[in-house]
Amino acid sequence: MGGFLRQLVYWLPAGIALTDTVVSVLLVDGQSMWPTLNEDPYFADLVLVEKISYKWNHKYQRGDVAVLWAPDQPHQQLVKRIIALEHDIVWDSDRGKPTKIPQGQCWLEGDNPEASGDSRNMYGPVHLGLLEGRVTHVIWPPWRISSVRRWYPADRLIVEDSGGARALKDHEGI
Amino acid sequence: MAAGASWSRYQQRINSWITAATENTSLFLHTLSCFYVFSRYGLFVSKVTGPSMLPTFGGQGDFVIAEAVTPMWGQLKPGDVVICTRPVDPAESIIKRVVAVEGEEVVLYPDRESSEVRRLTVPPGHVWIQGDNLTQSLDSRQYGPVPKALVRGRVVFQVFPKPGWVDNSIEAVRRW
């Protein structure tokens, strides 16, 4: 028993490093991403979250289902879909007007508009640095095992920045 | 028969090489993970570049030690020098000073961006950060309050060029 415990303590830092930087699992709470996630009202989905796209490559794509830290509660995680990225112009349905996403930020919405606190009604554009990982698959319960697809409502984007050269950073180093 | 004996010796050498390689790789990964956990949740070293924190830091390659405990489990307070993920570019880091925390009011005097006095309250979960070198700093005055989850560490000690504790008191906040 002591040997097993010693093994566990030995590999704990590796486990923490792995879940922080490569891949982890998350139990999804709430209905804001219904029916993509938590479609079954009696069983919360367990999802696989990969961290490489955001933490290593800093590659954020429209349509990703992202896990992020809530802007107003630094210890709370949210799961939302990226609708628009920096420099895009998105139609803000709650305010009835177009909004340009500032540099370094994105626009997130839950797939279930009625049950979701997101960029439309709570946060506005959200900093990309808050994005922790990308949901790739549902891994539990067994009848929900599937991959989570990238999809976004293209009609909501008025002008989609083609993601070419970034604007020259004239404040480099400041 | 001689061929058989030397083949099994060869196999033994490969096996012991594989065992040694596995142990060394496991030790390497364990050490790397310990370094990661220590620097992400404990103390880490960072290099300061840029003029935005003059005269506190020269910006020509100052090295500082930051702790990640306060931003994560404690309370940041006005005066704390912090290292954050850069709001306009999540791939980079910045070093600034906390000027106001959630609930406090910030007064913005006319500058090159606007010609009137603006007041705003720092929203929940955010901090207002500014560089000490107000004329040469891109900070909350331009990009607004910063969510606390972007703050990675609180700077406590300067290693180079002049070793010493970093002044995180509220008196160190530059207002003009």
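Worth saying up front: this structure is predicted, and the values here are computed from it rather than measured. Only heavy atoms go into these numbers, but all of them, side chains included; no hydrogens, no water, no symmetry mates. Chain A is the first sequence line, chain B the second, and so forth, proteins listed ahead of strands; every chain is numbered from 1.
Under the 3.5 Å distance criterion, with hydrogens and angles disregarded, no donor-acceptor pair is assigned to the side chains of Asn133(B) and Ser52(B).
Salt-bridge formation is not detected for the pair Lys100(A)/Asp88(A): no Lys NZ or Arg NE/NH1/NH2 atom is positioned less than 4.0 Å from an Asp or Glu carboxylate oxygen.
Looking only at distances, a side-chain donor or acceptor of Asn38(A) sits under 3.5 Å from a matching main-chain atom of Gly30(A).
For Leu27(B), the parts sitting under 4.5 Å from any heavy atom of chain A are the backbone and the side chain alike. Contact of Pro124(B) with chain A is made through backbone and side chain together, with heavy-atom distances under 4.5 Å.
With respect to chain A, the highest number of heavy-atom pairs below 4.5 Å among Lys148(B), His126(B), Met53(B) belongs to His126(B). Contact count versus chain B (heavy atoms, under 4.5 Å) is highest, among Val126(A), Leu131(A), Leu128(A), for Leu128(A).
Of all residues spanning residues 149-159 of chain B, those with a heavy atom less than 4.5 Å away from chain A's heavy atoms are Ala149(B), Leu150(B), arranged by number.
Among residues at least two apart or in separate chains, salt bridge (charged side-chain N to carboxylate O under 4.0 Å, His left out) pairs with a member in residues 124-140 of chain A are Glu50(A)-Arg134(A), Lys51(A)-Glu132(A), Lys55(A)-Glu132(A). Among pairs with a residue in residues 27-55 of chain B, those fulfilling ring pair (Phe, Tyr, Trp, His ring centres under 6.0 Å) read Tyr10(A)-His30(B), at least two apart in sequence or across chains. Residue pairs meeting the salt bridge (charged side-chain N to carboxylate O under 4.0 Å, His left out) criterion with at least one partner in residues 8-27 of chain B, sequence neighbours excluded, do not occur; the list is empty.
Taking the six-membered ring for Trp, Trp140(A) and Phe43(A) have ring centres at least 6.0 Å apart.
Remark: Glu105(B) CD is packed, more than 12 non-hydrogen atoms of other residues, nucleotides or ligands lying under 6.0 Å away.
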